Amino acid sequence: MEAVILLGAPGSGKGTVAEDLKASVRFEHVSTGDKLRDAVKAGSAVGLEAKAYMERGELVPDEVIIKIMDEVLRTGSPDARYMFDGFPRTVHQAEMLDRSLAGYGSKVSHVFLLDVPREVLVRRICGRRICRQCGAVYNIHTKQPKVAGVCDQCGSTDIYQRPDDNEETLNNRLDVFEQQTASLIAYYDQTGVLVRVPAEDRLETEEKILEYFKQS
Ligand code: AMP
């Protein structure tokens, strides 16, 4: 089992970068945000617990997240390589992850910190639109579907804005991110696995991360 982490503010491009890199590197992309949104949609116990926190832009309690991640590791293949996106968000989660991975004889090999200025994040996130059917991501400023209102990938017209992608919730999410990440960055800096990646340009970001995969 191998594990790398994409660490970055909401809108830093973690999800897109992870999906793009799949074309070149074999790994499983695990996004806790996606898992939570699926749970909310399904109305499961986890979803019911997480919903209100997510709507306020606050972090879902660690116990809920740890339950989700334990399940991922337990049911995955022993030789899986994971790319975690949006996890861990707190030092407590990072410690729990280290402990779980150690149980499988593994550890975090790289933590890529995607670095994007705040004003760029606000523009990206408030303009973000998503296809509810297939999850394709668009942006009203930079990436409109070819036919207005119709998803390029699946043809659905159900393209929506995530309820937590409004400016007020976003500012809260960015504040939460900055507070929490300061200690996470210190945590991973200590173990020498942190790699800072300037991430305004998506292709350059992906090339940089790929270099590390080629080296390892
Ligand atoms: P994301 O899609 O990663 O921006 O996550 C959306 C929301 O899900 C966040 O604002 C949090 O409320 C919640 N969330 C996702 N991942 C975590 C995590 N690792 N720990 C706590 N809350 C999380």
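Being a predicted model, the structure only gives us computed values, none of them experimental. Read the numbers this way: they start at 1 and go in the same order the structure lists the ligands and their atoms. Sequential numbering from 1 along the given sequence is applied to the chain's residues.
Shown in contact with Gly33 at under 4.0 Å from a heavy atom are these atoms of ligand 1, numbered in order with element: 2 (O), 5 (O), 15 (C), 16 (N). Close contacts of ligand 1 with Arg37, meaning ligand atoms under 4.0 Å from a residue heavy atom, involve 2 (O), 6 (C).
Checked against a 3.5 angstrom limit, the closest N/O atoms of Asp34 and ligand 1 fall outside it. Looking at ligand 1, you won't find any N or O of Pro88 less than 3.5 Å from one of its N or O atoms. On a distance-only criterion, Tyr53 and ligand 1 share no N/O pair closer than 3.5 Å. Polar contact with ligand 1: present for Gln93 (N/O pair, distance under 3.5 Å). When only interatomic distances are considered, the shortest N/O to N/O separation between Gly86 and ligand 1 falls below 3.5 Å.
Shortest contact from atom 8 (O) of ligand 1 to any protein heavy atom: Met54 CE, 3.5 Å. Taking atom 15 (C) of ligand 1 as the reference point, the nearest protein heavy-atom neighbour is Leu36 CD1, 3.6 Å. Shortest contact from atom 16 (N) of ligand 1 to any protein heavy atom: Thr32 OG1, 2.8 Å. When only non-hydrogen protein atoms are considered, atom 11 (C) of ligand 1 lies nearest to Glu58 O, 3.5 Å.
Contact annotation: Arg162 has at least one heavy atom less than 4.0 Å from an atom of ligand 1.
Scored by the salt bridge (charged side-chain N to carboxylate O under 4.0 Å, His left out) test, Arg132 finds Asp158 as partners (sequence neighbours excluded).
With respect to Glu211 and Lys208, no salt bridge is recorded, no charged nitrogen being found less than 4.0 Å from a carboxylate O. A salt bridge links Arg202 and Asp20; the closest N-O separation between the charged side-chain nitrogens and carboxylate oxygens is under 4.0 Å. Taking the charged nitrogens against the carboxylate oxygens, Lys51 and Glu55 do have a contact shorter than 4.0 Å, which makes a salt bridge.
Taking both residues in full, the closest heavy atoms of Asp165 and Gln161 are given as O-NE2, 3.4 Å, listed atom of the first, atom of the second, then distance.
Taking the ring centre of Tyr160 as origin, the terminal cationic atom of Arg162 falls outside the region bounded by 6.0 Å and 45° from the ring axis.
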Please tabulate, one pair per line, all N/O donor-acceptor pairs under 3.5 Å involving side-chain atoms of residues 35-42, not counting sequence neighbours.
{"unit_1": "Arg37", "atom_1": "NH2", "unit_2": "Asp34", "atom_2": "OD1", "d": "2.9"}

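Taking the six-membered ring for Trp and thresholds of 30 and 60 degrees, His110 and Phe112 have nearly parallel ring planes, at less than 30 degrees apart.
Of the candidates Arg173, Gln180, Arg89, Arg89 brings a heavy atom nearest to atom 5 (O) of ligand 1.
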